[in-house]
There are 2 protein chains.
Amino acid sequence: MPPKRSAERHAEVLDAAIELIRQKGIDGTSLQDIADAVGIKKGSLNTYFSSKEELVELIQARFTEVAERELRLIGERTDLTPDQRLRELLYFHAEHCTLRVSSPVLVGFMQLWTSSSSPSGRHQPSVVREYQRVFEDAVAQCSRKRIFRKIDPVLTVNGLMGSMSWCAFWYNKDEHGPLRPLVDEIIDMAFDGLRAKG
Amino acid sequence: MPPKRSAERHAEVLDAAIELIRQKGIDGTSLQDIADAVGIKKGSLNTYFSSKEELVELIQARFTEVAERELRLIGERTDLTPDQRLRELLYFHAEHCTLRVSSPVLVGFMQLWTSSSSPSGRHQPSVVREYQRVFEDAVAQCSRKRIFRKIDPVLTVNGLMGSMSWCAFWYNKDEHGPLRPLVDEIIDMAFDGLRAKG
DNA sequence: GTCTATAAAGCGATAGAC
DNA sequence: GTCTATCGCTTTATAGAC
């Protein structure tokens with residue numbers, strides 16, 4: 001394999017690793033698998049990361065970065081009503097779980113994501129906690145504007161995000177077609193149960 | 001370690017394996033771990049199963065067996081209205097995912113469960129498919145009795161089961177207390193969106 | 001039924017030549 | 001930047017003594 005410019009190859013390695021982990025999970029993906037996919041030898045991988053643990057951290061960082069940027073963009077949209085904003089947030093989550101992270105690895109990421117990197121303390125606010133807060137705030141705002149009735153935002157978000165995340169388990173593009181209309185219908189049903197009466 | 005009666009030891013080995021896999025996942029649990037937990041030597045395990053793959057199949061079979069029995073029992077209860085029956089089914093699923101199979105291993109089981117053992121064909125009706133059918137039938141019956149409005153049972157069940165399964169990710173007994181009231185509240189919100197108008 | 005011992009394979013990590 | 005080669009470790013699986 002001829003040498004390539006570093007940045008280019010670096011991205012290539014990361015992409016291949018993400019795709020393999022998407023299919024087979026972290027434990028199921030060996031460095032040999034990744035090297036084969038890129039077309040280099042296993043030993044050469046240490047140019048791009050010094051250990052498998054570091055590789056996982058790199059992927060995790062990219063995953064988080066993408067999510068946070070998208071969430072911020074949705075939050076900044078002033079053309080949406082609070083419930084429309086919540087809908088966009090939920091759809092993003094469904095898409096993120098379904099299309100970018102497949103079910104085998106979703107739990108792995110959730111665990112990595114949840115576990116605080118700091119060893120001290122027990123249950124620090126983690127990245128996931130902040131991620132979820134965005135959804136809870138959106139629900140609370142819907143309640144405040146009397147679009148939703150008075151509900152527990154945390155429990156509501158847990159229920160809603162479950163319906164979205166679960167798409168990763170049953171949704172198949174070839175079988176079901178585009179994801180958006182399916183998710184919209186699920187959200188419609190859920191929102192109907194949350195709306196203020198009258 | 002003194003010899004024990006076969007059936008007794010067999011159950012002991014299976015219980016230990018389930019508990020370890022619950023905590024650390026399938027890949028994260030070695031035969032050495034299981035042998036240590038039972039207090040026998042690794043090599044002795046082949047008395048109870050001939051390979052790790054067979055062990056996983058044994059556990060999977062027990063898991064499925066329990067689920068099917070419980071579902072059948074709920075289905076036979078004549079004291080429940082259709083929506084109450086659906087609620088019990090959903091609660092069972094939440095409990096099954098949350099208390100009996102923890103999040104690290106939930107996906108593993110889902111995959112094993114989903115994948116057909118028969119190599120021919122692509123997407124046979126799997127055990128999961130039949131499991132889900134029970135829920136779809138319960139939803140359809142709610143629609144027929146005009147308790148719910150006219151809705152797509154498949155999509156509805158996917159949404160509802162997602163909310164239930166997701167409990168495995170966020171629910172913590174010490175932090176949240178009993179599971180039942182939380183699940184009931186989520187189901188209340190969801191059912192409110194499904195009820196027939198007027 | 002349990003043990004010891006070992007085979008055979010795969011893993012991540014690293015050193016050193018080019 | 002890539003390769004070869006190898007180390008040290010863990011894994012599953014198996015054979016044979018007691």
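Protein chains get the first letters and strands the later ones, always in sequence-line order, with residue 1 at the start of each.
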Side chain of [X] (C-beta onward), nearest among [options]:
{"X": "Tyr48(A)", "options": "dG1(D), dT2(C), dG12(C)", "value": "dG1(D)"}
{"X": "Leu31(B)", "options": "dG1(D), dG12(C), dA13(D)", "value": "dA13(D)"}
{"X": "Ser51(A)", "options": "dA13(C), dA13(D), dT2(C)", "value": "dA13(C)"}

Distance, rounded to the nearest Å, where [X] contributes [atom1] and [N] contributes [atom2]:
{"X": "Glu8(A)", "N": "dG1(D)", "atom1": "CD", "atom2": "C1'", "answer": "13 Å"}
{"X": "Glu53(A)", "N": "dC11(C)", "atom1": "CD", "atom2": "P", "answer": "19 Å"}
{"X": "Gln32(A)", "N": "dG12(C)", "atom1": "CD", "atom2": "P", "answer": "9 Å"}
{"X": "Ile40(A)", "N": "dC3(D)", "atom1": "CD1", "atom2": "P", "answer": "6 Å"}
{"X": "Asp36(A)", "N": "dC11(C)", "atom1": "CG", "atom2": "P", "answer": "10 Å"}
{"X": "His10(A)", "N": "dT2(D)", "atom1": "NE2", "atom2": "C1'", "answer": "16 Å"}
{"X": "Lys42(A)", "N": "dA5(D)", "atom1": "NZ", "atom2": "C1'", "answer": "11 Å"}
{"X": "Ile34(A)", "N": "dG10(C)", "atom1": "CD1", "atom2": "C1'", "answer": "15 Å"}

Is the shortest side-chain N/O distance from Thr47(A) to OP1 or OP2 of dG1(D) below 4.0 Å?
no
With a cut-off of less than 4.0 Å, is there a side-chain N or O of Ser44(A) near OP1 or OP2 of dG1(D)?
no
Salt-bridge contact Glu65(B)-Arg62(B) (side-chain N to carboxylate O under 4.0 Å):
no
Salt bridge or not for Arg195(B) and Asp192(A), using N-O below 4.0 Å?
no
Asp137(B)-Gln141(B) side chain donor-acceptor pair, cut-off 3.5 Å
no
When you check the side-chain N and O atoms of Glu54(A) and Ser51(A), is any donor under 3.5 Å from an acceptor?
no
Using the closest heavy atom to pick a nucleotide of DNA chain C for each, name whichever of Asn46(A) or Asp33(A) lands nearer the 5' end.
Asp33(A)
Glu88(A) and Gln84(A): side-chain contact (heavy atoms from CB on, under 4.5 Å), yes or no, with the steps?
CA-CA 6 Å; Glu88(A) 293 306 314; Gln84(A) 285 172 335; 5.7 Å; no
Under 4.0 angstrom, heavy atoms only, what part of the nucleic acid is Ser30(A) near: base, sugar-phosphate, or nothing?
sugar-phosphate
Using a heavy-atom cut-off of under 4.0 Å over every strand shown, decide if Lys41(A) touches base, sugar-phosphate, or nothing.
base
